[in-house]
Number of protein chains: 2
Amino acid sequence: MRTAFRGLKEEIRTRIVEGVWAPGELVPNEVDLAVEFKCARATVNRAMRELAEEGLIERKRKAGTRVRTAPLRQARFTIPVVRKEIEARGAEYRYALVRREIMQPPDWLRARLNLAQDDEVLHLTCMHYAEGNPYQFEIRWINLGALPKAKDADFSKVGPNEWLIAEVPFSDAEISFSATSADEDLSQQLGCARGDALFMAERSTWWQGQAITYVRLVFQRGHRMTTRY
Amino acid sequence: MRTAFRGLKEEIRTRIVEGVWAPGELVPNEVDLAVEFKCARATVNRAMRELAEEGLIERKRKAGTRVRTAPLRQARFTIPVVRKEIEARGAEYRYALVRREIMQPPDWLRARLNLAQDDEVLHLTCMHYAEGNPYQFEIRWINLGALPKAKDADFSKVGPNEWLIAEVPFSDAEISFSATSADEDLSQQLGCARGDALFMAERSTWWQGQAITYVRLVFQRGHRMTTRY
DNA sequence: AAGTGGTCTAGACCACATT
DNA sequence: ATGTGGTCTAGACCACTTA
């Protein structure tokens, strides 16, 4: 209990999990708690605000604070830059550009990114290796309407992800995880059998309402994305 | 800009993405910013603290605040209770217990949950349906050494997840996402072909250093887990 | 040794949702 | 109308880290 508000959080959390304050029940208000714990209301507020943020309690003005009936379970995943992820494990990272093409976006991509009729996209396919072994297959589309200078970038040395991070900010992103079956291309690039189940992440990013890029990251067989909470 | 600290966050975020404060660069200290924005230092502190939490900046005492060279990309996923997830989409939820068995834990489970030699586990297999269609296959192990009353619970009506939520708190959890290939059992239960790529979540939960449960949730073909950030 | 962020306080006013 | 949380302030002291 080095700091007051942390100690408060722990105490409150304990009271909740031990059932002193049951699910759905009203928790004493901030003023009362400040008196009980002999601290300022702001300190109670900080503790309670963070617990609400973590999904343990629910707060409403006038109605007060209640213990969530079903505590929100949420986990935070850090989306790593693949090079750093690999290097962090002490493995050697290698990158290769597989294909590069400027094209009219296919309909599904136009719909997904809400592109204009005449927008062109840069279509890139890349491989990321760890210690010489296939690690991640990257299939990316960059909206040249929003980012014309991507046309002149050299993606044979630096991956599109790292280039984009340095070049453009983004305001909104949608990410999803799913499983996909290895097709001919994937199986060859990732060195697995056709039909193998592979973990895939997709991400669309936007800046000021304009689509920047859509990417599919398909990982080596058996890849897991893990976190604690 | 209804509230000062939110306005501050926006302003600072803008200065960062527009390059006024470049990556790696030192940001003015809290006192100076408070003067510039004509507000209390505590207000600046709140704004900066949240931006640090979001991964945009890095703060160290004495060293000051810097713009992160590679902004941390992180996404938060809410792990839903399957019944609520289905009902939230207006679909009818149905649950079924497929198998129930008390057993000695296999070695891999004993290792994963750090079980004692003579701990027994309750092994459950369940199905969750949405609108009559297979939605999720659940394979669960509950540590009876930590939770003996699970032996007497009736899992034919209420799923183990909902029972556990009501019965036990947990302090730590590890969750991971991956892809798995449908074996005979999975393909029959989920109504897909053998070898289909399926999205899988695994979760181990702990309470006061003791393992409570380990579960594998395998989703219907094509399932995606999505979030925005 | 000194500068920066981290936390806390006491008090104030306000916004919101319930009553 | 009223009670509760949301925010803000001015000032203070402390903890950590670098110089």
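What you are looking at is a predicted structure, and each value in this text was computed from that prediction instead of being measured. Numbers restart at 1 for each chain; the letters A, B, ... are given by sequence-line order, proteins then strands.
Taking the six-membered ring for Trp and thresholds of 30 and 60 degrees, A/Tyr95 and A/His128 have ring planes inclined between 30 and 60 degrees apart. Note: A/Tyr135 and A/His223 have perpendicular aromatic rings, judged against thresholds of 30 and 60 degrees for the angle between ring planes. Relative ring orientation between A/Phe199 and A/Phe219 is described as tilted, the plane-to-plane angle lying within the 30° to 60° band.
Between A/Arg59 and D/dG6, a side-chain N or O to OP1/OP2 separation shorter than 4.0 Å is present. For the pair A/Asn45 and D/dG5, the criterion of a side-chain N or O lying under 4.0 Å from OP1 or OP2 is not met. Between A/Arg6 and C/dT7, a side-chain N or O to OP1/OP2 separation shorter than 4.0 Å is present. For A/Thr3 and C/dG6, the shortest distance from a side-chain N or O to OP1 or OP2 is not below 4.0 Å.
Each of A/Ala42 and A/Thr65 was assigned the nucleotide of DNA chain D with the nearest heavy atom; the assignment lying further toward the 5' end belongs to A/Thr65. Position along DNA chain C of the nearest nucleotide to A/Arg41 versus A/Lys60 favours A/Arg41 as the more 5'-ward residue.
One finds no salt bridge joining B/Glu85 and B/Arg89 here, because no Lys/Arg side-chain nitrogen approaches an Asp/Glu carboxylate oxygen to under 4.0 Å. Between B/Arg15 and B/Glu11, at least one side-chain nitrogen of the basic residue sits less than 4.0 Å from a carboxylate oxygen of the acidic one, meeting the salt-bridge criterion.
The side chain of A/Thr43 sits closest to C/dT9 out of C/dT9, D/dT9, C/dT7. Distance from the side chain of A/Arg61 is smallest to C/dC16 among D/dC8, C/dC16, D/dT9. Minimum atom distance to the side chain of A/Lys62 is reached by D/dT2, of the listed C/dA10, C/dG3, D/dT2.
You won't find any donor-acceptor pair under 3.5 Å spanning the side chain of A/Arg46 and the base of C/dG6, going by distance alone.
As rounded to whole Å, 18 Å separates atom P of C/dA17 from atom CG of A/Asn29. The CG-C1' distance, from B/Leu51 to C/dG5, rounds to 15 Å in whole Å. Computed from coordinates, the B/Arg49 CZ to C/dG5 P distance equals 13 Å when rounded to whole Å. Rounded to an integer number of Å, the gap from B/Leu33 CG to C/dT4 P is 12 Å. Atom CD1 in B/Ile57 sits about 11 Å away from atom C1' in C/dG5, given to the nearest Å. Put simply, CZ on B/Phe5 is 14 Å from C1' on C/dA15, counting in whole angstrom units. Atom CD in A/Glu58 sits roughly 16 Å away from atom C1' in C/dT18 (whole-Å rounding). Atom CG of A/Leu26 and atom P of C/dT19 are 11 Å apart (whole Å).
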